[in-house]
Amino acid sequence: YYNAMANSEGIQELFESTRDKGYIAIGYYANGARNYYLKEDKAVTDPSVLKGKKIRAMVSSTSMEMIELMGGSPVPMASSETYTSLQQGIVDGAENTELALTVDKHEEIVKSYPTPFHLYDEKGIRENAKAVKEAFAWNPGFREYFAVKATPNPFLLNILREYGCGADCSSMTELMLAHELGMSGEEIMFSSNDTPAEEFVYANEIGATINLDDFTHIDFLEKTIGAFPKTMSLRYNPGGVYTLSNGIMDNPGDAKYGFTKEQLFEGYKLLKEKGVERFGIHAFLVSNTVTNDYYPTLARTLFELCVEIKEKLGIKISFINLSGGVGIAYKPDQVPNDIRVIGAGVQKVYEEVLVPADMGDVAIYTEMGRFMMGPYGCLVTKAIHEKHTYKEYIGVDACAANLMRPAIYGAYHHITVAGKEDAPCNHKYDVVGSLCENCDKFAVDRMLPKIDMGDYLVIHDTGAHGYSMGYNYNGRL
């Protein structure tokens, strides 16, 4: 905008274009177009909309008089106070682009919570949890067991509990957290591997459903707790390469988790002999799938297996746990998963496979962490250094201790510069933290707007596997 307005030929032509209408241009705003907006959901389409409204104005006689001429009541204040003033009803609206609020909102937060910090979208979390519940409402026994490892935050877990979610725990700490929040019994699924004896003991004490990862754990569990609970679950690994219709694949055969098919059958027989009365099955085969096909495809694999177990062993599986694997769109050009389409796809397979086998009462469980929380958190950090060597670097006050995924996986997290969302991305940067590790980078060769020191960077989709994966290298945690 500035470059265009600074063009002497262009600006003169623009100024002259209004002369015959009675308007004589004498200057222009150097920092962008201005507009008006209201706190209420109403567009400011003409000056009459501002009549009687208290409008934040720049501390400028021209700005205030302009608002008065349009019927509004100007309230002069600093830009950084606008967000709080709108929240508290001090003003009804403001002059300037709404994008300015992005920066102002963060500036309000950093007055109490210095960067870096993770910020969560409660409204988004609630809407998504509601959508998941509705997508599987066709199954009376459905329950989402939120993968606590993704975001072990008690406040967020309590929000999910309001929508009927339980807890998928993998460690003593996660079990203790779930229990401290009032969960017990069938609200907790304990899916762990290489499990210490004391964790099995505690899981049994609080009544959690134990999902065994290995055939040898059957004997280990019996020796540890003395007798088996009436309900048990086993984790299945089909081995080989698991491929979806769209070509997405993973290699369960290389994963350390789960029973082989032969071990699974033998395990169910043994548990039945030991007095177990209610059985479940669990499988996690592909991670972070951005396709609506994964759950329906996995469901068919497990549903057909459960029918075979019933026919060959005379054991009816009571619940089928599809675990996690439903991913999120980390990149802006990806199409997000539609949980309602996914739920309908699982229902279709359920009716095709389980209902004809007289298994129409089997409960469906899920253990989504990333999908439930990932898009609804972000990491806010501040640019504090710039370095010009063989590459252009922006140093921020966050590091891999705050978000490890880019460092260990090379994972992509979208980054926006607060207040510059519409600016051209014409600068190539490595965005880095301060750890004594060269992999401590949030982005490599990323095209971003020009970043000035003090700018706030928003690293998106950190709501799952973000803060929870932090570590204390250089004492940064």
Side-chain angles (χ1 to χ4, degrees), residues 145 147 149 168-172 174-175 186 188-242 250-287 298-325 354 359 362-367:
Y145 288 88
K149 66 178 74 68
D168 160 38
C169 301
S170 300
S171 69
M172 176 73 84
E174 292 174 10
L175 286 169
E186 293 188 2
I188 303 174
M189 183 71 61
F190 184 47
S191 298
S192 64
N193 68 95
D194 195 21
T195 310
E198 60 270 20
E199 297 188 5
F200 276 137
V201 171
Y202 185 69
N204 185 57
E205 286 177 356
I206 64 176
T209 298
I210 297 175
N211 180 42
L212 292 180
D213 178 69
D214 182 66
F215 184 80
T216 64
H217 290 183
I218 296 175
D219 179 63
F220 183 82
L221 180 64
E222 185 177 30
K223 290 177 179 177
T224 298
I225 64 176
F228 289 99
K230 295 300 181 183
T231 298
M232 289 289 299
S233 179
L234 302 180
R235 180 168 182 167
Y236 173 56
N237 182 337
V241 174
Y242 197 77
D250 213 327
N251 191 352
D254 271 353
K256 65 176 182 175
Y257 310 107
F259 289 61
T260 66
K261 183 176 180 179
E262 293 75 17
Q263 291 173 337
L264 191 74
F265 276 63
E266 189 62 30
Y268 284 125
K269 285 195 298 183
L270 184 56
L271 288 175
K272 184 178 181 180
E273 292 170 3
K274 299 285 186 178
V276 175
E277 299 174 357
R278 187 166 175 264
F279 300 89
I281 190 170
H282 170 289
F284 181 100
L285 303 184
V286 186
S287 178
L298 173 62
R300 185 174 296 278
T301 297
L302 293 181
F303 293 173
E304 291 176 350
L305 181 61
C306 289
V307 172
E308 186 179 350
I309 290 169
K310 179 186 176 186
E311 292 173 348
K312 292 184 177 179
L313 302 181
I315 293 175
K316 183 179 178 181
I317 300 298
S318 297
F319 59 88
I320 298 173
N321 191 336
L322 302 177
S323 188
L354 292 182
M359 297 179 68
V362 173
I364 300 299
Y365 296 160
T366 57
E367 293 176 349

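These numbers were taken from a predicted model, which means no experiment stands behind them.
Residues R235 and L212 form no side-chain contact, since every pair of their non-hydrogen atoms from C-beta on lies 4.5 Å or further apart. Residues I210 and F228 have side chains not in contact (no heavy-atom distance under 4.5 Å, counting atoms from C-beta outward). The shortest distance between side-chain heavy atoms of L234 and I281 does not fall below 4.5 Å. Contact annotation: the side chain of Y365 never approaches that of H282 to less than 4.5 Å [non-hydrogen atoms, C-beta and beyond]. Contact check for C306 versus M359: side-chain heavy atoms found under the 4.5 Å cut-off. Side-chain contact between D219 and L270 is absent, with no heavy atoms from C-beta onward closer than 4.5 Å. Annotation: side chain of L271 is in contact with side chain of F279 (closest heavy-atom distance under 4.5 Å). A heavy-atom distance below 4.5 Å is found between the side chains of F200 and F190.
A donor-acceptor pair is defined here as one N or O able to donate and one able to accept, closer than 3.5 Å; no such pair exists between the side chain of Q263 and the backbone of F259. Distance alone, capped at 3.5 Å, places no donor-acceptor pair between the N193 side chain and the Y257 backbone.
Rounding to the nearest 0.5 angstrom, the gap separating the CG atom in L322 from the CD1 atom in I320 is 7.5 Å. Within the model, atoms CG of D214 and OG of S192 stand 11.0 Å from one another, a figure rounded to the nearest 0.5 Å.
Smallest separation of non-hydrogen atoms from Y268 and G280: OH-O, 2.8 Å. The two residues A283 and L298 make their nearest non-hydrogen contact at O-CD2, 3.8 Å. The two residues T224 and A197 come nearest to each other via the heavy atoms CG2-O, 3.5 Å. Counting all heavy atoms, side chain and backbone alike, S233 lies closest to N211 at OG-OD1, 2.8 Å. When all heavy atoms of F284 and G325 are compared, the pair lying nearest together is CE1-N, 3.2 Å. Of all non-hydrogen atoms in A208 and L175, the two that sit nearest each other are CB-CD2, 4.4 Å.
For E186, the CD atom sits in a loose shell: 12 or fewer heavy atoms of surrounding residues, nucleotides or ligands are nearer than 6.0 Å.
Residues E308 and K261 are paired through a salt bridge, judged by an N-O separation under 4.0 Å between the basic side chain and the carboxylate. Salt bridge annotation for K274-E222: present, with a cationic side-chain nitrogen under 4.0 angstrom from a carboxylate oxygen.
Between the side chains of N321 and S323, no donor-acceptor pair of N or O atoms lies under 3.5 Å. T260 and Y236 share no donor-acceptor pair across their side chains, judged by distance under 3.5 Å alone.
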Exercise. Would Y242 and T301 count as a side-chain hydrogen bond (donor to acceptor under 3.5 Å, both in side chains) if you check the C-alpha gap in whole Å, the side-chain angles of each, and the deciding distance to 0.1 Å?
Worked result: CA-CA 10 Å; Y242 197 77; T301 297; 2.7 Å; yes
